[in-house]
Amino acid sequence: MTSRGRIMAGVLDAAENASPVEAVEAVTRELGVALGARTVAFLIADLSGRALVRLAHVPLAGAGAGAGRRDVDEVAVVMPYDGGPAEQALRTQTTQVVSQPEGWMVLAPVTDRGEAIGLLEMILPDEPAPPMLEEIGRTAHMLAFVVIANRRYTDLFEWGQRTTPFTLSGEIQRRLLPSSFTCEGSAFTLSGWLEPAASIGGDTFDYSLARDVLHFSVTDAMGHGVASALTATLGVGSLRNSRRRGVGLVEQAESANADLTENAVVPGSYITALLGRVDLRTGVCALLNAGHVPPMLVRDGNSRALPLPAGFPLGMFTEADYHAGEITLRPGDRLVVVTDGVRERNAADLDLPKMLGSIIDLHPREAVRALADAVLEVGGPTLADDATLFILDWHGGHNEDRRTSAGADQARASTALPD
């Protein structure tokens, strides 16, 4: 068996033999031994998108027992972004090597299909050569699958990622979002982001990939708090149910409209929605607007709102007609969907077209974060309404091979961070 094969076999055995709570620590120990590291650790990305969190199991009497947020003997130490090597490694998806007195620190992105899960941190006794860095990069990618598989069984990772406690409405809203905010395919790259208000405003985004079709939606439930979150639950549940039955956008909107009017917890509640369906073979994108902020298309450096047939919000009226429009995407196009939290009150001071032009070269994962930061700068730090952003970049070339390295598409990765 090759060295790589032995490492993979050892990692898989360690992950399966350990409990889900201990799987990542067991795997990192196995990796440290296999690669000759002095220390090895996993840093998970914080839900705020602006920090990393070092998770550790520390006995009460053990070293470092007083550091960080505690849950019995679990410790989560938040490491805010400071522009240093850790932030650079995660946000640019490039392995960073730093000389230190105790050895050479290597920070490798833990990533799957562009989702920045965290970092693998190693201290090596000697400066790693390029082949060793490639091996570490592949190892970090393998760790991503261990995290994804085991976080289904435990709250440990979710607990570690939460810098602040969630309200009940925030908990409900969190469950409505996709498990990964970013997805890279050969023909597209997408990413979504939700910047919550102090009182949850019922925003959601969603997507699902079929063999030759990409479905996506952005919704905004009326009101705030638990009632808004429950309205959002009805809307998203209905849209997912009809989507999984294989019906088109008009039928999805009609079903959601009927479900909301019949079952709304708060009489008269409704959601605005932007529904999309992209044929990955042709780039034809069908869009349906149900009372939502119009989507924007960025093409050749210029941005414009897309005119679509107008429709009433879902659940506003028992009888409502819905119609979809179409646009054929070209390679290099960027489709941007936001909720009205990006345009309301103080946030309306944000020059969205200008901002979209300034971040055109950023990966969608970084672009949505840059937009969220800009919204907070002009409308925050406490938003009056949720601000949700969804970006879809169209590359064309469905079924072509991606140019990946350790879980990220290097052909699309941004090497520059926003100021």
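Count residues from 1 along the sequence.
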Considering residues, nucleotides and ligands other than [X], do more than 12 of their heavy atoms fall under 6.0 Å from its [atom1]?
{"X": "Phe166", "atom1": "CZ", "result": "yes"}
{"X": "Glu319", "atom1": "CD", "result": "no"}
{"X": "Asp300", "atom1": "CG", "result": "no"}
{"X": "Arg330", "atom1": "CZ", "result": "no"}
{"X": "Arg243", "atom1": "CZ", "result": "yes"}
{"X": "Phe42", "atom1": "CZ", "result": "yes"}
{"X": "Asp155", "atom1": "CG", "result": "no"}

Flag side-chain contact, heavy atom, 4.5 Å: [X] against [Y]:
{"X": "Val147", "Y": "Val24", "value": "yes"}
{"X": "Asp333", "Y": "Leu392", "value": "no"}
{"X": "Phe157", "Y": "Leu55", "value": "yes"}
{"X": "Thr219", "Y": "Leu239", "value": "yes"}
{"X": "Leu90", "Y": "Leu52", "value": "yes"}
{"X": "Leu371", "Y": "Leu356", "value": "yes"}
{"X": "Cys183", "Y": "Thr189", "value": "no"}
{"X": "Thr139", "Y": "Leu143", "value": "no"}

Parallel, tilted or perpendicular: rings of Tyr207 and Phe390 (30°, 60°): tilted
Side chain to side chain contact (heavy atoms under 4.5 Å, CB included) partner of Val278, the single match among Leu214, Leu287, Val213: Leu214
Reference residue Asp220; test side chain to side chain contact (heavy atoms under 4.5 Å, CB included); the match among Ile271, Val338, Asp340, Leu274: Asp340
Under the 3.5 angstrom rule, does the side chain of [X] hit a backbone N or O of [Y] as a donor-acceptor pair?
{"X": "Arg369", "Y": "Gly49", "answer": "yes"}
{"X": "Thr388", "Y": "Leu194", "answer": "no"}
{"X": "Glu195", "Y": "Asp386", "answer": "no"}
{"X": "Arg365", "Y": "Gly114", "answer": "yes"}

May I ask you to say whether [X] pairs ionically with [Y], meaning some side-chain N is under 4.0 Å from a carboxylate O?
{"X": "Arg54", "Y": "Glu74", "answer": "no"}
{"X": "Glu135", "Y": "Arg138", "answer": "yes"}
{"X": "Arg162", "Y": "Glu171", "answer": "yes"}
{"X": "Arg245", "Y": "Glu251", "answer": "no"}
{"X": "Asp409", "Y": "Arg113", "answer": "no"}

Gln173 CD to Thr204 OG1 distance, which is reported to the nearest 0.5 Å: 8.0 Å
Gap separating the OG atom of Ser217 from the NE2 atom of His292, nearest 0.5 angstrom: 9.5 Å
If you take all heavy atoms of [X] and [Y], which pair is closest and at what distance?
{"X": "Ala370", "Y": "Leu362", "value": "CB-CD1, 4.2 Å"}
{"X": "Gly315", "Y": "Leu260", "value": "CA-CB, 3.7 Å"}
{"X": "Met316", "Y": "Asn257", "value": "N-OD1, 4.0 Å"}

Arg151 charged N/C atom sitting above Tyr153 aromatic ring, 6.0 Å / 45°: no
Quiz question: by atom type and distance under 3.5 Å, do the side chains of [X] and [Y] form a donor-acceptor pair?
{"X": "Glu30", "Y": "Thr28", "value": "no"}
{"X": "Ser255", "Y": "Ser242", "value": "no"}
{"X": "His395", "Y": "Glu400", "value": "no"}

Derivation and outcome, side chain to side chain contact (heavy atoms under 4.5 Å, CB included), residues Glu121 and Val40: CA-CA 6 Å; Glu121 178 192 78; Val40 60; over 6 Å; no
Phe317: which of Tyr270, Tyr322, Phe312 passes ring-ring contact (aromatic ring centres under 6.0 Å, His included): Phe312
Distance flag, aromatic centroids of Phe216 and Phe205, threshold under 6.0 Å: no
